[in-house]
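Data first, discussion second: the structure below is written as C-alpha coordinates.
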Amino acid sequence: MANRIVTAVYVKSLNGTDDLLNDTKPQIVFMGRSNVGKSSLINSLVGKPLARSSKQPGKTHTLDFFLINDKVYFVDLPGYGFANRSKDELEHFRKLIAWYLFTSGAPIKLAVLIIDVHIGFTDYDRESMELLHDHQIPFVLVANKADKLKMGERVKKLKELSASYANILVIPYSSYTREGKDKLLAIVSLK
Ligand SMILES: Nc1nc2c(ncn2[C@@H]2O[C@H](COP(=O)(O)OP(=O)(O)OP(=O)(O)O)[C@@H](O)[C@H]2O)c(=O)[nH]1
Ligand SMILES: [Mg+2]
(Lines give C-alpha, C1' and ligand atoms only; values in the text may rest on other atoms or scores of the structure.)
(Ligands and ions follow the chains in the order given, each with its own letter.)
Protein backbone atom coordinates (compact mmCIF):
# COMPACT_ATOMS: atom_id res chain seq x y z
CA MET A 1 0.00 0.00 0.00
CA ALA A 2 1.45 3.31 -1.10
CA ASN A 3 0.61 5.22 2.04
CA ARG A 4 1.69 2.73 4.67
CA ILE A 5 4.31 3.81 7.17
CA VAL A 6 6.87 1.03 7.44
CA THR A 7 9.70 2.82 9.21
CA ALA A 8 9.61 5.92 11.39
CA VAL A 9 12.68 7.06 13.30
CA TYR A 10 13.59 10.09 15.34
CA VAL A 11 16.45 11.95 13.68
CA LYS A 12 17.19 15.24 15.39
CA SER A 13 15.81 18.25 17.24
CA LEU A 14 16.77 21.63 15.83
CA ASN A 15 16.86 25.05 17.37
CA GLY A 16 18.17 26.90 14.33
CA THR A 17 20.17 26.23 11.21
CA ASP A 18 21.54 22.73 10.58
CA ASP A 19 22.87 20.59 7.73
CA LEU A 20 19.70 18.53 7.93
CA LEU A 21 17.86 21.42 6.28
CA ASN A 22 19.98 20.87 3.14
CA ASP A 23 18.64 17.33 2.83
CA THR A 24 16.46 17.24 -0.26
CA LYS A 25 13.90 14.80 1.17
CA PRO A 26 10.54 16.59 1.45
CA GLN A 27 9.36 17.77 4.84
CA ILE A 28 5.81 17.62 6.16
CA VAL A 29 5.22 20.01 9.00
CA PHE A 30 2.72 19.60 11.85
CA MET A 31 1.79 22.94 13.34
CA GLY A 32 -0.84 24.53 15.58
CA ARG A 33 -1.56 25.90 19.03
CA SER A 34 0.15 24.49 22.07
CA ASN A 35 -1.64 21.42 23.40
CA VAL A 36 -3.76 20.97 20.27
CA GLY A 37 -2.29 17.49 19.83
CA LYS A 38 0.47 17.81 17.21
CA SER A 39 2.83 15.29 18.80
CA SER A 40 0.00 12.85 19.59
CA LEU A 41 -1.18 13.10 15.98
CA ILE A 42 2.28 12.19 14.66
CA ASN A 43 2.35 9.24 17.06
CA SER A 44 -1.09 8.10 15.88
CA LEU A 45 0.06 8.28 12.25
CA VAL A 46 3.25 6.30 12.81
CA GLY A 47 1.62 3.92 15.30
CA LYS A 48 4.15 4.35 18.11
CA PRO A 49 5.12 6.95 20.74
CA LEU A 50 7.91 8.68 18.82
CA ALA A 51 7.07 12.32 19.51
CA ARG A 52 6.92 13.62 23.08
CA SER A 53 3.38 14.51 24.09
CA SER A 54 2.03 15.79 27.39
CA LYS A 55 -1.05 17.07 29.20
CA GLN A 56 0.92 20.24 29.96
CA PRO A 57 1.06 22.73 27.08
CA GLY A 58 4.55 23.64 25.88
CA LYS A 59 6.01 20.12 25.69
CA THR A 60 7.66 20.42 22.27
CA HIS A 61 10.17 23.25 22.14
CA THR A 62 12.40 22.36 19.23
CA LEU A 63 11.85 21.44 15.58
CA ASP A 64 11.74 17.64 15.95
CA PHE A 65 12.54 15.66 12.80
CA PHE A 66 11.34 12.10 12.17
CA LEU A 67 12.30 10.19 9.04
CA ILE A 68 9.42 8.22 7.55
CA ASN A 69 10.01 5.29 5.17
CA ASP A 70 13.47 6.80 4.46
CA LYS A 71 11.62 9.16 2.11
CA VAL A 72 10.09 12.13 3.90
CA TYR A 73 10.47 13.95 7.19
CA PHE A 74 7.65 14.62 9.59
CA VAL A 75 8.50 17.74 11.56
CA ASP A 76 6.87 18.33 14.93
CA LEU A 77 6.85 22.04 15.77
CA PRO A 78 6.53 23.83 19.10
CA GLY A 79 3.03 25.15 19.67
CA TYR A 80 2.17 28.78 19.23
CA GLY A 81 0.07 30.96 21.49
CA PHE A 82 0.82 29.36 24.84
CA ALA A 83 -0.16 32.08 27.33
CA ASN A 84 1.82 30.71 30.28
CA ARG A 85 5.08 31.37 28.53
CA SER A 86 6.94 34.64 28.97
CA LYS A 87 6.75 37.23 26.20
CA ASP A 88 10.39 36.54 25.33
CA GLU A 89 9.77 32.80 25.04
CA LEU A 90 6.70 33.31 22.87
CA GLU A 91 8.67 35.61 20.61
CA HIS A 92 11.50 33.06 20.43
CA PHE A 93 9.14 30.29 19.29
CA ARG A 94 7.30 32.55 16.88
CA LYS A 95 10.59 33.56 15.26
CA LEU A 96 11.94 30.00 15.18
CA ILE A 97 8.79 28.69 13.47
CA ALA A 98 8.61 31.60 11.00
CA TRP A 99 12.31 31.29 10.15
CA TYR A 100 12.04 27.54 9.57
CA LEU A 101 8.89 27.77 7.46
CA PHE A 102 9.57 30.85 5.42
CA THR A 103 13.29 31.65 5.24
CA SER A 104 15.37 28.56 6.03
CA GLY A 105 14.93 27.18 2.51
CA ALA A 106 13.82 23.78 3.88
CA PRO A 107 11.95 21.76 1.22
CA ILE A 108 8.53 21.88 2.85
CA LYS A 109 6.02 19.89 0.86
CA LEU A 110 2.96 20.33 3.02
CA ALA A 111 1.87 21.87 6.31
CA VAL A 112 -0.70 20.06 8.43
CA LEU A 113 -2.36 22.80 10.44
CA ILE A 114 -4.08 21.31 13.44
CA ILE A 115 -6.91 22.99 15.29
CA ASP A 116 -9.05 21.80 18.18
CA VAL A 117 -12.50 21.04 16.73
CA HIS A 118 -14.11 22.29 19.92
CA ILE A 119 -12.23 25.61 20.05
CA GLY A 120 -12.17 26.37 16.32
CA PHE A 121 -9.86 28.95 14.75
CA THR A 122 -7.81 31.24 16.95
CA ASP A 123 -6.17 34.44 15.72
CA TYR A 124 -2.87 32.55 15.59
CA ASP A 125 -4.41 29.92 13.30
CA ARG A 126 -5.78 32.57 10.97
CA GLU A 127 -2.43 34.34 10.87
CA SER A 128 -0.66 31.05 10.15
CA MET A 129 -3.02 30.30 7.28
CA GLU A 130 -2.43 33.73 5.78
CA LEU A 131 1.34 33.33 6.03
CA LEU A 132 1.28 29.83 4.55
CA HIS A 133 -0.87 31.12 1.72
CA ASP A 134 1.41 34.13 1.13
CA HIS A 135 4.47 31.86 1.00
CA GLN A 136 2.72 29.35 -1.23
CA ILE A 137 3.11 26.44 1.15
CA PRO A 138 0.23 24.00 0.57
CA PHE A 139 -1.63 23.13 3.73
CA VAL A 140 -4.44 20.98 5.01
CA LEU A 141 -6.57 21.63 8.10
CA VAL A 142 -7.06 18.93 10.68
CA ALA A 143 -9.88 19.33 13.22
CA ASN A 144 -8.43 17.33 16.09
CA LYS A 145 -9.98 15.87 19.24
CA ALA A 146 -13.14 14.97 17.32
CA ASP A 147 -13.76 12.24 19.92
CA LYS A 148 -14.67 14.95 22.43
CA LEU A 149 -17.83 16.01 20.60
CA LYS A 150 -21.25 14.40 20.51
CA MET A 151 -22.64 13.75 17.04
CA GLY A 152 -24.95 16.80 16.81
CA GLU A 153 -22.32 19.21 18.08
CA ARG A 154 -19.73 17.67 15.84
CA VAL A 155 -21.76 18.12 12.65
CA LYS A 156 -22.40 21.75 13.59
CA LYS A 157 -18.74 22.50 14.40
CA LEU A 158 -17.43 20.87 11.25
CA LYS A 159 -19.92 22.78 9.14
CA GLU A 160 -18.81 26.04 10.75
CA LEU A 161 -15.15 25.24 10.18
CA SER A 162 -15.64 24.31 6.52
CA ALA A 163 -17.73 27.42 5.91
CA SER A 164 -14.95 29.71 7.22
CA TYR A 165 -12.58 28.78 4.41
CA ALA A 166 -14.59 27.46 1.51
CA ASN A 167 -11.79 25.91 -0.55
CA ILE A 168 -9.68 24.41 2.22
CA LEU A 169 -10.11 20.77 3.12
CA VAL A 170 -10.91 20.08 6.80
CA ILE A 171 -10.28 16.57 8.08
CA PRO A 172 -12.00 15.51 11.31
CA TYR A 173 -9.41 13.67 13.38
CA SER A 174 -8.85 11.91 16.67
CA SER A 175 -5.53 10.55 17.84
CA TYR A 176 -7.48 8.50 20.37
CA THR A 177 -9.86 6.71 18.00
CA ARG A 178 -7.63 7.13 14.89
CA GLU A 179 -10.54 8.65 13.01
CA GLY A 180 -9.14 10.47 9.98
CA LYS A 181 -5.85 8.59 9.98
CA ASP A 182 -6.27 6.90 6.57
CA LYS A 183 -7.52 10.10 5.00
CA LEU A 184 -4.59 12.12 6.31
CA LEU A 185 -2.07 9.45 5.34
CA ALA A 186 -3.45 9.46 1.81
CA ILE A 187 -2.97 13.23 1.68
CA VAL A 188 0.56 13.29 3.02
CA SER A 189 1.21 10.55 0.38
CA LEU A 190 4.45 8.98 1.48
CA LYS A 191 5.38 7.37 -1.79
N1 LIG B 1 -9.49 13.92 23.52
C2 LIG B 1 -8.36 13.98 22.80
N3 LIG B 1 -7.23 14.43 23.40
C4 LIG B 1 -6.10 14.48 22.65
C5 LIG B 1 -6.08 14.11 21.27
N6 LIG B 1 -4.82 14.31 20.80
C7 LIG B 1 -4.09 14.77 21.85
N8 LIG B 1 -4.84 14.87 22.96
C9 LIG B 1 -4.39 15.31 24.30
O10 LIG B 1 -3.97 16.67 24.21
C11 LIG B 1 -2.86 16.92 25.08
C12 LIG B 1 -1.73 17.56 24.30
O13 LIG B 1 -1.19 16.63 23.37
P14 LIG B 1 0.21 16.88 22.63
O15 LIG B 1 0.25 15.88 21.53
O16 LIG B 1 1.34 16.91 23.59
O17 LIG B 1 -0.03 18.34 22.06
P18 LIG B 1 1.00 19.29 21.26
O19 LIG B 1 0.18 20.07 20.30
O20 LIG B 1 2.12 18.50 20.71
O21 LIG B 1 1.50 20.26 22.43
P22 LIG B 1 2.84 21.18 22.50
O23 LIG B 1 4.01 20.32 22.16
O24 LIG B 1 2.85 21.62 23.91
O25 LIG B 1 2.63 22.31 21.56
C26 LIG B 1 -2.51 15.56 25.71
O27 LIG B 1 -3.11 15.50 27.00
C28 LIG B 1 -3.13 14.56 24.75
O29 LIG B 1 -3.47 13.33 25.36
C30 LIG B 1 -7.30 13.63 20.69
O31 LIG B 1 -7.40 13.30 19.51
N32 LIG B 1 -8.39 13.60 21.50
MG1 LIG C 1 4.14 18.68 21.00
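Every number for a ligand or one of its atoms is a count from 1 in the order of the listing.
Comparing Lys145, Lys55, His118, Glu179 against atom 10 (O) of ligand 1, the shortest heavy-atom distance belongs to Lys145. Taking all heavy atoms of Ala51, Gly37, Ser54 into account, the minimum distance to atom 11 (C) of ligand 1 is reached by Ser54.
Between Lys156 and Glu153 there is no salt bridge, since none of the side-chain N atoms of the basic residue sits less than 4.0 Å from a carboxylate O of the acidic one.
Here the heavy atom of the protein found nearest to atom 13 (O) of ligand 1 is Ser40 OG, 3.4 Å. Summary of contacts: the protein heavy atom closest to atom 21 (O) of ligand 1 is Asn35 N, 3.0 Å. Looking only at protein heavy atoms, the nearest one to atom 32 (N) of ligand 1 is Asp147 OD1, 2.7 Å. Atom 24 (O) of ligand 1 has Gly58 N, 2.6 Å as its closest protein atom, hydrogens excluded (heavy atom only). The protein heavy atom nearest to atom 28 (C) of ligand 1 is Tyr176 OH, 3.7 Å.
Not a single N or O atom of Arg52, backbone or side chain, sits closer than 3.5 Å to an N or O atom of ligand 1. For the pair Ser53 and ligand 1, the shortest N or O to N or O distance does not fall below 3.5 Å. Considering both main-chain and side-chain atoms, Val36 comes within under 3.5 Å of ligand 1 through a nitrogen or oxygen pair. Between Gly79 and ligand 1, a contact under 3.5 Å exists for at least one N or O pair. Looking at Tyr173 next to ligand 1, no N or O pair under 3.5 Å apart turns up.
At a 4.0 Å heavy-atom cut-off, ligand 1 touches Lys148 through the side chain alone. The residue Asp76 has no part lying near ligand 1, judged by heavy-atom distances below 4.0 Å. When heavy-atom distances to ligand 1 are checked against a 4.0 Å cut-off, Asn144 comes that close only through its side chain, counted from C-beta outward. Only the backbone of Pro57 comes within 4.0 Å of ligand 1, counting heavy atoms alone; no side-chain atom from C-beta on gets that close.
For ligand 1, the atoms lying closer than 4.0 Å to a non-hydrogen atom of Ser175 are 6 (N), 30 (C), 31 (O).
Counted by atom type alone, Thr122 and Asp125 present one or more donor-acceptor pairs between their side chains at under 3.5 Å.
Here the options are Asp147, Leu141, Asn144, the test is side chain to side chain contact (heavy atoms under 4.5 Å, CB included), and the partner is Tyr173; only Asn144 passes.
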